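It should be emphasised that the depicted structure is a prediction, and the values quoted were computed from it without experimental measurement.
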Number of protein chains: 2
Amino acid sequence: MTKPLYLQISGQLRQSVISGEYRPGDMLPSENELAALYKTSRMTVRKSLGVLESEGLVRPWHGKGYFVLQPKYTMFTMYFGDSVTDGRFRFQEVNIIRPTKNVADMLQLKKHQMTIVTRRILERDGRPAAFDEKFIPYERGMPSIEFELHFTEFPGMFEERFAPMSLHTDMTIGVEAAPVHVCKALGLKTATHLLVISRLIRADSDEPEANPAGIPVGYGKQYLTEAFGKLSAKSGYYLQEKL
Amino acid sequence: MTKPLYLQISGQLRQSVISGEYRPGDMLPSENELAALYKTSRMTVRKSLGVLESEGLVRPWHGKGYFVLQPKYTMFTMYFGDSVTDGRFRFQEVNIIRPTKNVADMLQLKKHQMTIVTRRILERDGRPAAFDEKFIPYERGMPSIEFELHFTEFPGMFEERFAPMSLHTDMTIGVEAAPVHVCKALGLKTATHLLVISRLIRADSDEPEANPAGIPVGYGKQYLTEAFGKLSAKSGYYLQEKL
DNA sequence: AAGTGGTCTAGACCACTTC
DNA sequence: AAGTGGTCTAGACCACTTT
């Protein structure tokens, strides 16, 4: 039940760094010094220092020593997904349509290629809180049953067709005047300005030279009203730890 | 110049996971099997697997084996800081003022405690693109020279007074009707809806029991116009790698 | 030359899971 | 009991930095 030695060491060093005893730019004691201090082997000390390194607190410099890093104040972590604990989605439309220019550009569609669209309304306490639309390229012969069944959460729905680890998402956040069909669905005045989240999902291709950014497989927009609440993000070294 | 063995092993395993040869939930070969396969010691194989683990690709399960994880589709990373490469800030005001209720709440100010405020306008091509205001608690006897000199970037300005590693930021993103002084400064119609980023900076206190969330040391709001552009965030396993 | 971290070995013993 | 990962040792040799 006692904590392993390497965690005790990393814990003490971490405390020294967080408390400011060692400040950014300072050098920690060397591996050999720590090994002597804690009466243990160098490999155990290295394991301790590896913990702090993976947390982003220190970085080793070959031939010199371990140095305390500047915290990455400008890196934020935020969580955003399709599923919500508060409220429920109501399907408004599942269809095959001619894409708008924006959608065609984002998905790099061929000329005259259609897209499958789903539109949903998020309701909270019976009142609309957000509007959600997703587009995926339509390939000839796609059975409509398939996408009706599988059109659930965004990156997850591509897991069968693409290697899960190859999927990644680019998100942009901004304010836009909501288009007519969104305002109607949400019961808002036309051109109400809403918080809009756009997501482009890509799958890394097998030939990264030809397509370094990956192949677009899905595009989605979410229009959030004030009832949805705000987005939140966090910054600070300790975020890594808790994953 | 040849890559260390442990990186060769982790590279091959990573490729197998990304390509989908091993899918989420699958078990990797055991440490002993890999050690035999690559004709090396178990510790070297462990180092390889540690690389994949730190990348969030696999997780070891004591007594069972290493398993491929589901990618964390809902975790996004975004960058946001005070400094901008495009455009420049123009100071509008540095002052000691009575805080609004919102600011007093966020900073947990004592009754009648004042705050120092700075207000800046971000200009691009000579046109206002964003409005920035920051509040920090005013302590009696604070020399005004100090905060005028040091009022630069947000978490960084607290590094002298607090342990750098103890600083962390909570950010919220939403749409608000900009208040009068902001609209005036930006040359907008009153109550224009803007993208608003609020940041609360806290320092971890020495008694985490008394103040688990940390002590508020600064609060800031940024009002972004369309000229500022949108915020962007990314999701995908490979993000970790590149830090 | 001396000190630092980087890689690697060939063991050991322990704790957890499965059969 | 056998297989798995978790911790730890006491070395070795190498590459990099400083003196």
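- Atom-to-atom, CG of A/Leu52 to P of C/dG5 comes out at 13 Å; the value is rounded to the nearest Å.
- Contact between the side-chain N/O atoms of B/Arg46 and the OP1/OP2 oxygens of D/dG6 is found at a separation under 4.0 Å.
- Between B/Phe80 and A/Phe76, the ring planes lie perpendicular to each other; the angle is over 60°, past the 30° to 60° tilted range.
- To the nearest angstrom, C1' of D/dG6 lies 16 Å from CZ of B/Arg59.
- The side-chain contact (heavy atoms from CB on, under 4.5 Å) test with B/Val68 is passed by exactly one of B/Val17, B/Leu13, B/Leu57: B/Val17.
- Listed here is the closest heavy atom pair of A/Ile136 and A/Gly218: CG2-CA, 4.1 Å.
- Scanning residues 36-44 of chain A for heavy-atom distances under 4.0 Å to DNA chain C yields A/Arg42, A/Met43.
- Between B/Met27 atom CE and D/dG3 atom P the separation is 13 Å, expressed in whole Å.
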Strictly under 3.5 Å: I want the nitrogen or oxygen pairs between protein and nucleotides 16-19 of chain D, one per line.
residue	atom	partner	partner atom	Å
D/dT18	OP1	A/Lys64	NZ	3.2

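- Smallest separation of non-hydrogen atoms from B/Val217 and B/Pro137: O-CD, 3.5 Å.
- Atom CG in B/Leu28 sits roughly 16 Å away from atom C1' in D/dG3 (whole-Å rounding).
- Remark: C1' of C/dG6 and NZ of B/Lys47 are 7 Å apart, rounded to the nearest angstrom.
- Residues satisfying the side chain to side chain contact (heavy atoms under 4.5 Å, CB included) criterion with B/Phe67, sequence neighbours excluded, are B/Met27, B/Trp61, B/Lys64.
- One finds no side-chain N or O of A/Ser30 lying less than 4.0 angstrom from the OP1 or OP2 phosphate oxygen of C/dG3.
- Between the CG atom of A/Leu5 and the C1' atom of C/dC13 there is a distance of 15 Å, given to the nearest Å.
- By the 6.0 Å and 45° rule, A/Lys134 stacks over the aromatic ring of A/Phe154.
- Not a single ring pair (Phe, Tyr, Trp, His ring centres under 6.0 Å) links B/Tyr6 to another residue, sequence neighbours left out.
- In this entry the distance linking CD of B/Glu31 with C1' of C/dT9 reads 15 Å, nearest Å.
- Geometric assessment of B/Arg199 against the ring of B/Tyr219 yields a negative cation-pi assignment under the 6.0 Å and 45° thresholds.
- Of the side-chain N and O atoms in A/Asn32, one or more sit less than 4.0 angstrom from OP1 or OP2 of C/dT4.
- Between the side chains of A/Glu31 and A/Tyr66, at least one donor-acceptor pair of N or O atoms lies under 3.5 Å.
- Not a single salt bridge (charged side-chain N to carboxylate O under 4.0 Å, His left out) links A/Asp26 to another residue, sequence neighbours left out.
- Separating the CZ atom of B/Phe67 from the C1' atom of D/dG5 is a distance of 11 Å, rounded to the nearest angstrom.
- A distance of 12.5 Å separates NZ of A/Lys221 from CG of A/Asp132, quoted to the nearest 0.5 Å.
- Across all strands, A/Leu49 comes closer than 4.0 Å to no nucleic acid atom at all (heavy-atom distances).
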**OP:** Under the side-chain hydrogen bond (donor to acceptor under 3.5 Å, both in side chains) rule, what do A/Tyr38 and A/Glu33 come out as? Steps first, then yes or no, please.
**Re:** CA-CA 9 Å; A/Tyr38 288 98; A/Glu33 284 168 349; over 6 Å; no

**OP:** Return one dot-bracket line describing DNA chain C 5' to 3' (Watson-Crick or G-U wobble pairs, both distances under 3.5 Å; ( ) same strand, [ ] crossing, | another strand, . none).
**Re:** ||||||||||||||||||.

